[in-house]
Asks: 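Structure below; questions to follow.
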Amino acid sequence: MSEDVVTLRSALAKLPAYTPGKPASAPPGVTAYKISSNENPFPPLPSVLDAVQAAAGEMNRYPDMGVTELTATLAARLDVPPDRLAFGPGSVGVLGQLIAATCDAGDEVVFAWRSFEAYPILVTLAGAVPVQVPLGPGDRHDLEAMADAITERTRLVLVCTPNNPTGTTVTDAELELFLERVPRDVVVVIDEAYLEFVTAPDAPDAVAVHRSRPNVVVLRTFSKAYGLAGLRVGYAVAHEPVALALRQAAIPFGVNSLAQVAAVASLTASDELKVRVKELVAERERVLAALAEQGWELSDSQANFVWFGLGEDTAAFAAACQDAGLTVRPYGTDGARATIAEREANDRLIEVAGSFLAARRA
Ligand SMILES: *Cc1c(COP(=O)(O)O)cnc(C)c1O
């Protein structure tokens, strides 16, 4: 007789695996850089670290389930009513709550592809059906095709801007046209994980967009520009009924006490953090210009990473980077994503990419 096997959900068999950025590794004598997870290369600000260290002394207590201080601080900052905010363990956590709150088995979630690899996992795990709409020219969202993909079964549409991993944004005008076409009972998520790095003047301000559209939900995170990836805190801005549903669907005490104090301290120190973001944006522009000079035709990244649409050469490029101590993030035969990091890492990326292109052309 075969061994007893417990019954697990069939959805698990369909789940794509989330591939986390590999740890850094390098040949002897070379500094290794992990540029595969879009992390902020700057260490925590002293003021933030102090707040977290003080809070660590009370880790025997549960966190504030109402996330009271962070809610009040952020509501004032964004000029939204506190009831329109909902928090979770990273904005990935909040998105999981949103899918749980909107989708029954068999319901459809429309999103672009390639986009954030957590999307198909969260959707499939919930028993919903991912509807992936190929990116259009320039590695950009094809919002017309996405609107065409909406059916009676669609409960959610995810718009990732800037898009991970291609870095491209939708324009404010494109988004408005798209939202006009989406039925009012379908929730549209605007995932702005990289908002702080955007400089394009025609990019939308999703919080402004949400004010007049009750079906729009804005997702943001403290993981990237704010440098709190290890503490796990993200949030949604949504009209009251949706924000309430997000709280109902949350794991109790999901946002830990260190994350809550770190987020408040980071908002208090946002001027200092903005200086760092500016530096990273300047580095992105420097890297993109150097790569263009070498002959690369890359999409216009508005995030803290660059995208190499390498096709079949993806694995070879990732290997060449690895040999130089740079761990980038390859995506099958689509391309590779490299995070803008310390200056030395960026310089090395430019160097490796230049040699790779020269060898490919030879
Ligand atoms: C990094 C990222 C997030 C946020 O991740 P959390 O750390 O869970 O807040 C959300 N969306 C996209 C597209 C991302 O790249």
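Counting starts at 1 for both ligands and their atoms, in listed order.
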Asks: Of the protein's non-hydrogen atoms, which lies at the shortest distance from atom 8 (O) of ligand 1, and what is that distance?
Replies: Arg232 NH2, 2.7 Å

Asks: Using distance alone, decide if ligand 1 has a nitrogen or oxygen within less than 3.5 Å of any nitrogen or oxygen in Tyr119.
Replies: no

Asks: Taking heavy atoms and a distance under 4.0 Å, where does Ser223 meet ligand 1: side chain, backbone, both or neither?
Replies: side chain

Asks: Would Arg337 pass as a cation-pi partner of Phe305, given that its NZ or CZ must be under 6.0 Å from the six-membered ring centre and within 45 degrees of the axis?
Replies: yes

Asks: Please determine, by modelled atom types, if Asn40 and Tyr226 share a side-chain donor-acceptor pair under 3.5 angstrom.
Replies: no

Asks: Using modelled atom types and a 3.5 Å cut-off, is there a donor and acceptor pairing between side-chain atoms of Gln294 and backbone atoms of Gly354?
Replies: yes

Asks: Between Asp191 and ligand 1, which part of the residue brings a heavy atom under 4.0 Å of the ligand: side chain, backbone, both or neither?
Replies: side chain

Asks: Can you check whether Val92 has an N/O within less than 3.5 Å of an N/O in ligand 1?
Replies: yes

Asks: Which residue holds the protein heavy atom closest to atom 4 (C) of ligand 1, what is that atom called, and what is the gap in Å?
Replies: Ser91 OG, 3.0 Å

Asks: Near Gly90, which atoms of ligand 1 are under 4.0 Å from a heavy atom of that residue?
Replies: 6 (P), 8 (O), 9 (O)

Asks: Parallel under 30°, tilted from 30 to 60°, perpendicular over 60°: which one fits the rings of Phe222 and Tyr235?
Replies: tilted

Asks: Is NZ or CZ of Arg360 both nearer than 6.0 Å to the six-membered ring centre of Phe356 and within 45° of the ring axis?
Replies: no

Asks: Return the residue, atom name and 0.1 Å-rounded distance of the protein heavy atom closest to atom 15 (O) of ligand 1.
Replies: Tyr194 OH, 2.6 Å

Asks: Return yes or no for this condition: an N or O of Asn38 is under 3.5 Å from an N or O of ligand 1.
Replies: no

Asks: Identify whether the distance between the nearest side-chain nitrogen and carboxylate oxygen of Lys34 and Glu39 falls below 4.0 Å.
Replies: yes

Asks: What atoms in ligand 1 come closer than 4.0 Å to a heavy atom of Ala193?
Replies: 2 (C), 3 (C), 10 (C), 11 (N), 12 (C), 14 (C)

Asks: Should the proximity of Phe222 to ligand 1, defined as any heavy atom under 4.0 Å, be assigned to the side chain, the backbone, both, or neither?
Replies: neither

Asks: May I ask you to check whether Asp139 and Thr168 show a side-chain donor-acceptor distance below 3.5 Å?
Replies: no

Asks: Can you confirm whether the side chains of Gln322 and Thr327 place a donor and an acceptor under 3.5 Å from each other?
Replies: yes

Asks: Measure the distances from the heavy atoms of Cys160 to every atom of ligand 1 and state whether one is below 4.0 angstrom.
Replies: yes

Asks: Identify the protein heavy atom lying closest to atom 3 (C) of ligand 1, giving its residue, its atom name and the separation to 0.1 Å.
Replies: Lys224 NZ, 3.5 Å

Asks: Answer yes if the ring centres of Phe116 and Phe111 are under 6.0 angstrom apart, and no otherwise.
Replies: no

